[in-house]
Amino acid sequence: MTAIQISNVEKRYQSLQALGGVSLSIEEGEFFGLLGPNGAGKTTLISIIAGLIRADKGTVKIHGHDVVSDFRAARRKLGVVPQELVFDPFFTVRETLRLQSGYFGLGKNDAWIDEVMHNLDLTPKADTNMRALSGGMKRRVLVAQALVHKPPVIVLDEPTAGVDVELRQTLWKFISRLNREGHTVVLTTHYLEEAQAMCKRVAMLKTGQVVAADTMAALIRRISGSQLIVHMQSGDLPEGLRHLITHPLEADSGRKYSLRINDYAEVEGILARLRESGAVIDEMQLQQADLEDIFLQIMNGGE
Ligand SMILES: Nc1ncnc2c1ncn2[C@@H]1O[C@H](COP(=O)(O)OP(=O)(O)OP(=O)(O)O)[C@@H](O)[C@H]1O
Ligand SMILES: [Mg+2]
């Protein structure tokens with residue numbers, strides 16, 4: 001079954017076309033990544049999926065339920081972790097989660113609430129008021145809130161923005177488990193290594209358009225070859241090697257480049273030319289292409 005069916009969705013804010021005809025089909029049980037730079041339209045699309053804002057054109061269906069004409073049924077199938085931290089400061093964590101259960105008509109939900117709190121390491125904060133929580137803790141509650149009604153489809157809009165390593169690991173462990181148990185997961189993140197580790201399929205948005213949609217494996221295969229990272233203590237890259245630069249890299253001192261190589265045998269030639277030019281190499285690394293390379297290539301118009 002199709003978990004989320006997005007068909008020709010358009011959204012305009014005055015003169016700004018935030019979404020320009022987006023179509024995507026996300027199947028039940030998928031772990032799907034929705035990626036794109038700031039302002040690409042990810043949150044706008046998620047808000048339309050959640051029924052928080054209306055599309056100007058097009059439709060979204062969750063498990064076959066239209067998010068506008070069949071809002072209640074669609075909403076029941078969906079748990080959304082919003083990008084913005086919004087909460088009622090006067091309730092404790094447990095009260096917040098009970099209240100959210102109430103919205104879905106779940107009177108006796110304490111066993112699941114306890115399990116969710118336990119899995120997100122929230123149990124010690126169960127009776128703390130929301131306003132007294134740190135930013136990362138509030139985000140955990142947002143995740144818990146999205147999960148109180150055990151929705152088959154879970155959408156997370158940058159759930160790991162500004163959270164520590166421990167929560168990330170806790171969160172991914174729990175979300176992976178839910179995905180293994182059959183829940184569909186849609187994830188938005190700027191941490192591409194997280195997306196690469198978690199998502200089986202990805203769509204990339206750029207200024208409101210889908211510019212790539214494929215399995216992670218197929219996307220990675222699109223970039224052939226690897227990269228040689230060279231950090232030079234002194235000297236610079238000779239002219240003859242400059243065409244290999246994929247992007248300059250930040251370095252505290254000296255110059256650092258990422259060079260595209262198609263064959264490991266090319267490394268020898270590159271090193272010889274660097275030596276001839278008098279450059280002194282401080283550090284060197286060989287890297288396989290990853291999602292970040294593909295992302296940059298696609299976003300910089302390489303598509
Ligand atoms: N309520 C609004 N009124 C006017 N413009 C808006 C509104 N909400 C979003 N936009 C604009 O729509 C575009 C898409 O915004 P959106 O928040 O969907 O991007 P995003 O991909 O989620 O970005 P980020 O990675 O920064 O979260 C942006 O140009 C944004 O400025
Ligand atoms: Mg956003």
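Since the structure is predicted, the reported quantities are computational estimates derived from the model, not experimental observations. Every number for a ligand or one of its atoms is a count from 1 in the order of the listing.
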For the CD atom on Glu181, are there more than 12 heavy atoms of other groups (residues, nucleotides or ligands in this structure) within a distance under 6.0 Å?
yes
Mind checking what residues have non-hydrogen atoms under 4.0 angstrom from ligand 1?
Tyr13, Leu16, Ala18, Pro37, Asn38, Gly39, Ala40, Gly41, Lys42, Thr43, Thr44, Gln83, Glu158, His190
Just say parallel, tilted or perpendicular for the rings of Phe104 and His149, cut-offs at 30° and 60°.
parallel
Does Phe91 have any ring pair (Phe, Tyr, Trp, His ring centres under 6.0 Å) partners at least two apart in sequence or in another chain, and if so, which?
none
Does the ring of Tyr191 carry Arg168 above it, NZ/CZ under 6.0 angstrom from centre and within 45° of its axis?
yes
Interatomic distance, Gln17 atom CD to Asp56 atom CG [nearest 0.5 angstrom]
7.5 Å
To the nearest 0.5 Å, what is the distance between CD on Glu28 and NE2 on His63?
4.0 Å
Tell me every residue that passes salt bridge (Lys or Arg N to Asp or Glu O under 4.0 Å) with Glu115, counting only those two or more places apart in sequence or in another chain.
Arg177
Stepwise side-chain contact (heavy atoms from CB on, under 4.5 Å) check, Leu291 with Met204
CA-CA 11 Å; Leu291 186 61; Met204 291 192 190; 3.9 Å; yes
Applying side chain to side chain contact (heavy atoms under 4.5 Å, CB included) between Ile46 and each of Thr188, Ile53, Leu156, report the one that passes.
Thr188
Only protein N/O/S atoms count here: give how many lie under 2.8 Å from the Mg ion (ligand 2).
2
